[in-house]
Amino acid sequence: MRSSCLGKSAQEKKFSVTYYREEYERNNARVHSPQGRYMKGKRQSTVEPVFGTLTQFMGLRKINTLGLKQANKVMHLSAIAYNLKTSLPAGRST
């Protein structure tokens, strides 16, 4: 039984239990519930691709401003640029 659990190279197997195990389990149950799967689908289809495009292709890895108000301005301008870029007809770019 030992070889089937550990494999050939491992000498021992460790299990760690964190102090926050209940919170992990509660969050895991929430994420895998029907509502959690629905919310993940909504998030993936609307928000996350936009942030991925902004960070990967439009150079928005860091916001070099001071304060939340200025950071909000940068995000609004980035969103405007993204919307303008996606609203152009196919084949045209500026």
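Other cluster members for Tyr19: Tyr20, Tyr24, joined by side-chain heavy-atom distances under 4.5 Å among Ile, Leu, Val, Met, Phe, Trp and Tyr. Cluster partners of Leu84 are Ile80, counting Ile, Leu, Val, Met, Phe, Trp and Tyr whose side-chain heavy atoms approach within less than 4.5 Å, directly or via other members. Other residues sharing the hydrophobic cluster of Val17, ordered by chain and number and joined by side-chain separations under 4.5 Å: none, the residue standing alone. Within the hydrophobic cluster formed by Ile, Leu, Val, Met, Phe, Trp and Tyr side chains joined at under 4.5 Å, directly or through other members, Met39 is accompanied by Tyr38.
Contact check for Phe51 versus Met75: side-chain heavy atoms found under the 4.5 Å cut-off.
Linking Ile, Leu, Val, Met, Phe, Trp and Tyr whenever their side-chain heavy atoms come within less than 4.5 Å leaves Leu54 and Leu77 in two separate clusters.
Within the structure, the salt bridge (Lys or Arg N to Asp or Glu O under 4.0 Å) test picks out no pair touching residues 56-81 (sequence neighbours left out). The stretch residues 16-27 participates, sequence neighbours left out, in these salt bridge (Lys or Arg N to Asp or Glu O under 4.0 Å) pairs: Arg21-Glu25. Within the structure, every pair that satisfies the salt bridge (Lys or Arg N to Asp or Glu O under 4.0 Å) test and touches residues 34-46, not counting sequence neighbours, is listed here: Arg43-Glu48.
Under the side-chain contact (heavy atoms from CB on, under 4.5 Å) criterion, Val74 pairs with Leu60, Ile63, Thr65, Ser78, not counting sequence neighbours. Checked against side-chain contact (heavy atoms from CB on, under 4.5 Å), Asn28 has the following partners two or more places apart in sequence or in another chain: His32.
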